[in-house]
Visitor: 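Sending over a structure as C-alpha cells; questions will come in a sec.
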Amino acid sequence: LILGDGPMGSVQVRDVFQCTCRVGSFTQTYNRRAGDWDPGNFLVEREGYTLQNVPDYCGSKGTCEGLSTMSYENTYPDGSGDWALQVQIFIREGRTVTRLADDTSGPSSNFADLFKLAMEVSAKLPADMIDTARLQTAALFLDANQLYCDINLKEVGSLDDFISANAPYFLVRETRVNGKRGLRPLLPIDDAYAISTDPVPWEFEFNEDFIIPGSVQIDFTPLEQRKPKLMLAMWRQQPGDTFGIIRTAEVGYAVDRSSGNVEQHDMSLFCTHELHAVRAMAYRRARQKWSTHTISWSCRPEVYNRILEEGDIVRVTYERNANDGSTTTHDYLYELDQIEKTSTGEIVFQATHFPVDAAGRSLVALTVAQATAQGYDYSDDIRTGIDCDDNSSTDTSVPAEVSQSVRSGGGGSPNPPLPSVPSSTGDPDPQPEPSPGGYPPPSPPPAPIPTPPDDPVDPCEPIWARSAARWAKLLPHAQPEPPPLARSQRIIPMAIGPA
C-alpha cells in the first residue's frame, strides 16, 4: 500500500483496520517497498472449494523511491470474501515538513505548510519566488486561531484552483508580490496573530489629487446576495481512536434562522474542529451582510506603487455632485483586490468595500471573533456494537520495519521459488520491471445548533487494495474526485499530520 509521498510518522497497531475491524499485521517503511514477500498470486485448486474471483496479476515491485509504503497481510477462512474489504490506516503524524511556525522539522496541520510544500514539490517555482515571510505570518495566524488543515490529498489537480477554492475557508488569501507567491490573513491581526477588533488603520488615502477624473466605477452587490441566509458547514469530527463522522454547524444572525434560506459548504475534507467551521461560516456571512459594493479607479504612478499590495486597506475620498446640484462626500475603506498597470502607464485599482463601525473597527472581524462553537462531542457513539478486533484498541506499539530494496533499472532480489502445488493460475513468477526513472456594530451570531451524528461514514467499501493516506486524520471514506484540470502547477498527492 502506498501511504503517501515523502516520509511520515510510524503507524501504531491500533491504527490499522480492514473495514471496521482491527485485524491483520503490517510493516511500514520509506523510500522502498515494505514487506519481504514478492508480488503475485499463488492460487491452489482444492477439491470441494470454489475458487474466489481474485485478481490474476498483482503488479511488480517498483522502486517506491520517495514514497512511504506499508505491507499488510491477513489470512481469511475458506469462502470468506473479507479479503476484498478496504484497508484503513490512521496516520497520526503525516508528511514530514519544515514547519513555518517554528522552523522545526516534523508533521504539520497548517494550510500554509501545505501550500509551501506543494510549491516545492511541483518544481515549477524557484525557491526564491516563494514568499516565506508572508507564509510564516499566515502560518502563525492559522495556529493562533485554531484553523487546522487535516487533509488527505489523493489526486493530482491544479494548485491555483485548490488554493483559490480553499484558502478563504482558512481566512487567508493568496498574495503575489514582485512575483513571489504567499498567503496573508483576510482579517486584521494583532501582535499575537489573533483576530484584532481594534480600529483598522489604512495604508494610503486616495482623493482627487490622485484619482484620474471619470475613472471611478462602482458596482453595488445585488440585494439577492445580501438577503438573510443561514450558513451551514459540514465538518468531520475525528476521534483519536476510531472512524470520523460528518457533522454540521449552523451559523447566522438572529434574522437568518427564520429566513428559510440556507447556504451549505462542505469542509469535511480538511476541517476536524467545530470552531474552524463556525469561524469560516461567520466570515462568509458577515461579508455578505456588511460589504455593499466593489470599486475601481485609475491613478498615475506615484509613491503608492512601492508601498501597496493586494490585500492592503486603503481609504478613498472624493466629492460627488448630484443632478440636483447637491454635493456629497464618498468616504469608505476598501481592501485591494487587484493592482494593474495599463499600457498607457496608468495604475488601475480594484477593491472591495471594507465595512467598519463608527469606531473604525472591522465589522467582519467583530463577527468572526464573537463566533463560538457548541462543543458537543459524540465520540462514544461512533463505533458501538462492533466486536471483531483481533488487535487491541490500546496497542500503541509499532511493528518492526521489514522492507526490500529494489534497484532502479530492474534490479532487486529474485523471487523465491513457488511452492510445490498441484496446479496454479495467474502469473506464478512475476519478474521485476524496470523503473521508469526518475463592515453598525452587528449583533453576535447565534451559537451553532448541534447536529446528532446520524451520518456515520460507511468504511466498508470493497476494493482490491487501498490505503487511506492522510494529511492528519483517518479518512475512512472515498473523497469526491476533483475534475481534471490542465495547469502548469499541480498539487502532488501527499499526506501530512499534526504536530
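Quick caveat, the model's predicted, so the values are computed rather than measured.
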Visitor: Between the side chains of K116 and D113, is the shortest nitrogen-to-carboxylate-oxygen separation below 4.0 Å, so that they form an ion pair?
Guide: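 Answer for the salt bridge query: no.
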Visitor: Return yes if some donor-acceptor pair links the side-chain N/O of N110 with the main-chain N/O of Y148 below 3.5 Å, else return no.
Guide: no
Visitor: For S68 and G6, work out which heavy atoms get closest and say how close.
Guide: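 Looking at all heavy atoms of both residues, the shortest contact is OG-O, 2.6 Å.
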Visitor: For F90, does the six-membered ring have the charged nitrogen or CZ of R92 within the cation-pi criterion, i.e. under 6.0 angstrom from the centroid and within 45° of the normal?
Guide: yes
Visitor: Just one of T294, D337, T221 clears the side-chain hydrogen bond (donor to acceptor under 3.5 Å, both in side chains) bar with T352, so which one?
Guide: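 Result for side-chain hydrogen bond (donor to acceptor under 3.5 Å, both in side chains) with T352: D337.
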Visitor: For D103, does the CG atom sit with more than 12 other heavy atoms under 6.0 Å from it, leaving out its own atoms?
Guide: no
Visitor: Looking at R279 and E274, does any basic side-chain N land under 4.0 Å from a carboxylate oxygen?
Guide: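 Salt bridge flag = no for E274 with R279.
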Visitor: Which residues pass the ring pair (Phe, Tyr, Trp, His ring centres under 6.0 Å) test with F270, sequence neighbours left out?
Guide: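 Partners of F270 under the ring pair (Phe, Tyr, Trp, His ring centres under 6.0 Å) test: Y169, F170.
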Visitor: Would you call E310-R176 a salt bridge at under 4.0 Å N-O?
Guide: no
Visitor: State which residue, out of D395, T394, D390, fulfils the side-chain hydrogen bond (donor to acceptor under 3.5 Å, both in side chains) condition with S392.
Guide: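 The passing option is T394.
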Visitor: Between the main-chain N or O of D5 and the side-chain N or O of R95, is there a donor-acceptor pair closer than 3.5 Å?
Guide: yes
Visitor: Residues in ring pair (Phe, Tyr, Trp, His ring centres under 6.0 Å) with F206, at least two apart?
Guide: F204, W297, Y304, F349
